[in-house]
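Before any comments, here is the structure.
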Amino acid sequence: MKTIIEPFRIKTVEPIRMTTRRERETCIKDVHYNLFSLRSAHVLIDLLTDSGTSAMSANQWAAMMRGDESYAGSDSFFRFFEAVTDIMPFRHVIPTHQGRAAEKILFTVIGGENKKIPNNTHFDTTRANIEYSGARAVDLVIEEGKHPQLIFPFKGNIDTGKLIRFIEESGPENIPCVMLTLTNNSGGGQPVSMENLRTTRKICDTYGLPLIYDACRFAENAWFIKIREEGYKDKPVNEICREMFSYADGCTMSAKKDALVNIGGFLCLNDDAWATQARNLLILTEGFPTYGGLAGRDLEAIAVGLQEILEEDYLHYRIRSTEYLGEKINAAGVPIVLPVGGHAVYIDAAAMLPHIPVSQFPGQSLAIELYLAGGIRGCEIGSVMFGSEAQMELVRLAIPRRVYTQSHIDYVIEIIIDVYQKRDRLRGMKITEQPEVLRHFTCHFDYV
Ligand SMILES: Cc1ncc(COP(=O)(O)O)c(C=O)c1O
């Protein structure tokens with residue numbers, strides 16, 4: 001069959017409301033052109049993030065009723081632990097309220113002045129938490145990963161040659177771990193190949209370094225390995241995942257992505273000493289180690305979500321439906337990061353709006369116009385988010401899991417193509433007020 005259907009039917013619905021362009025002009029001006037500051041009621045199709053925006057299944061809701069809310073030793077923790085270690089067989093699993101809490105704890109334990117942590121592409125919260133500890137976050141993605149229009153199956157791979165040089169130059173004693181982000185959200189949602197995971201493992205072994213994954217989208221990464229990498233076509237996704245995790249010493253995880261829940265995360269570690277320190281910090285900031293900032297029912301929902309995410313009908317639909325949006329707008333001329341990533345389509349705003357210099361944030365200008373034209377909320381991933389570290393000027397349209405149907409996406413396609421045809425009218429923007437860190441969340445903008 002050519003038509004890939006949503007592998008679910010809808011039981012509960014949430015109304016969304018149309019607004020006029022004039023209403024949207026007022027709403028966005030009122031929040032100083034920062035899309036994060038909009039009320040969600042003023043958004044029609046919300047593609048700001050795929051994080052925590054999934055629709056949970058009937059089985060997840062049912063499992064929540066089983067939540068054991070005991071302060072210590074809750075049954076829900078053990079069900080959660082088993083579901084995690086079934087895929088990610090690490091010795092220690094430490095629940096946190098979301099991914100960045102796992103990052104904060106990990107880098108408080110292993111970061112610090114004069115330390116450096118390489119990654120294919122650090123996510124913004126990972127970078128911020130590393131740098132907050134005093135360490136430096138360094139991106140070493142392969143050259144292909146920096147060219148939006150270049151087609152390559154695993155553009156999320158780390159440059160292993162550069163990694164070796166980096167370790168030698170920095171001294172392994174200054175590198176507490178090597179990280180790999182699966183898939184690399186800030187680089188276009190691009191996957192890392194099994195071969196790259198294996199080679200990175202070997203490099204880590206040579207220098208005695210731990211390898212830690214940012215595993216937020218591990219299942220989407222595994223699906224790309226299945227469909228793109230030689231030798232994996234006939235392997236079940238859960239086996240691919242187990243092989244992926246067999247090369248790592250731990251991971252940070254935002255369960256708000258590939259565990260299909262609205263809140264939650266965890267930190268996995270093999271190292272007993274690190275885990276002890278992490279648990280002590282957890283008690284200080286998150287909660288007791290068998291709930292870590294979550295309710296027992298949240299742990300139950302994660303446990304079921306981790307099973308559902310590996311269903312191949314789901315992953316097939318998920319990756320294909322994201323690709324569908326990318327394919328249609330690209331066919332109309334809209335420049336996007338190719339190939340289309342797992343969880344999002346990234347429009348190359350620098351290529352689409354060559355008349356707006358990087359210093360005037362082409363990505364922000366495009367994101368605002370998509371909102372004005374059709375009530376679509378995307379997210380700038382470029383110089384607003386990363387300042388001078390930005391490698392590309394992108395607008396990310398992240399697709400919430402199991403939330404929108406094909407007609408919603410067809411509407412998004414129509415709006416994007418319309419904006420593209422009128423792209424010459426878009427104007428540059430400037431920042432008028434900003435905080436010290438993670439400025440994109442709260443800064444104010446205006447037109448130049
Ligand atoms: C790759 C990556 N790492 C870490 C995080 C942080 O996770 P959380 O939002 O749960 O704190 C995100 C969230 O978007 C992400 O995409």
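None of these values were measured; they are calculated from a predicted model. When a ligand or atom number is given, it counts from 1 through the structure's own listing order. Each residue takes its place number in the sequence, starting with 1.
Set against the non-hydrogen atoms of K256, the atoms of ligand 1 under 4.0 Å away are 10 (O). Near R217, the atoms of ligand 1 lying under 4.0 angstrom from a non-hydrogen atom of the residue are 1 (C), 15 (C), 16 (O). Contact atoms of ligand 1 toward T125: 4 (C), 5 (C), 6 (C) (distance under 4.0 Å to a heavy atom of the residue). Atoms of ligand 1 lying under 4.0 Å from any heavy atom of E103, numbered from 1 in the order shown and given with element: 3 (N), 4 (C). Interface atoms of ligand 1 facing D214, defined by a heavy-atom separation under 4.0 Å, are 1 (C), 2 (C), 3 (N), 4 (C).
Between F77 and F81, the ring-plane angle classifies as tilted under the 30° and 60° cut-offs. In this pair, H444 and H32 present their aromatic rings parallel. The plane angle is below 30°, not in the 30 to 60° band.
Below 3.5 Å of separation, one finds no N or O of T183 facing any N or O of ligand 1. Every N/O-N/O distance between T181 and ligand 1 stays at or above 3.5 Å. Considering both main-chain and side-chain atoms, G99 comes within under 3.5 Å of ligand 1 through a nitrogen or oxygen pair.
The closest protein non-hydrogen atom to atom 13 (C) of ligand 1 is K257 NZ, 2.3 Å. The protein heavy-atom contact nearest to atom 10 (O) of ligand 1 is S254 OG, 2.6 Å.
Between the side chains of N185 and H343, at least one donor N or O lies within less than 3.5 Å of an accepting N or O.
Using 4.0 Å as the threshold, C216 has a heavy atom nearer than that to some atom of ligand 1.
For the side chain to side chain donor-acceptor pair (under 3.5 Å) test with T181, the passing option among T126, N221, N119 is N119; the others fail.
For R100, heavy-atom contacts with ligand 1 shorter than 4.0 Å involve the backbone as well as the side chain.
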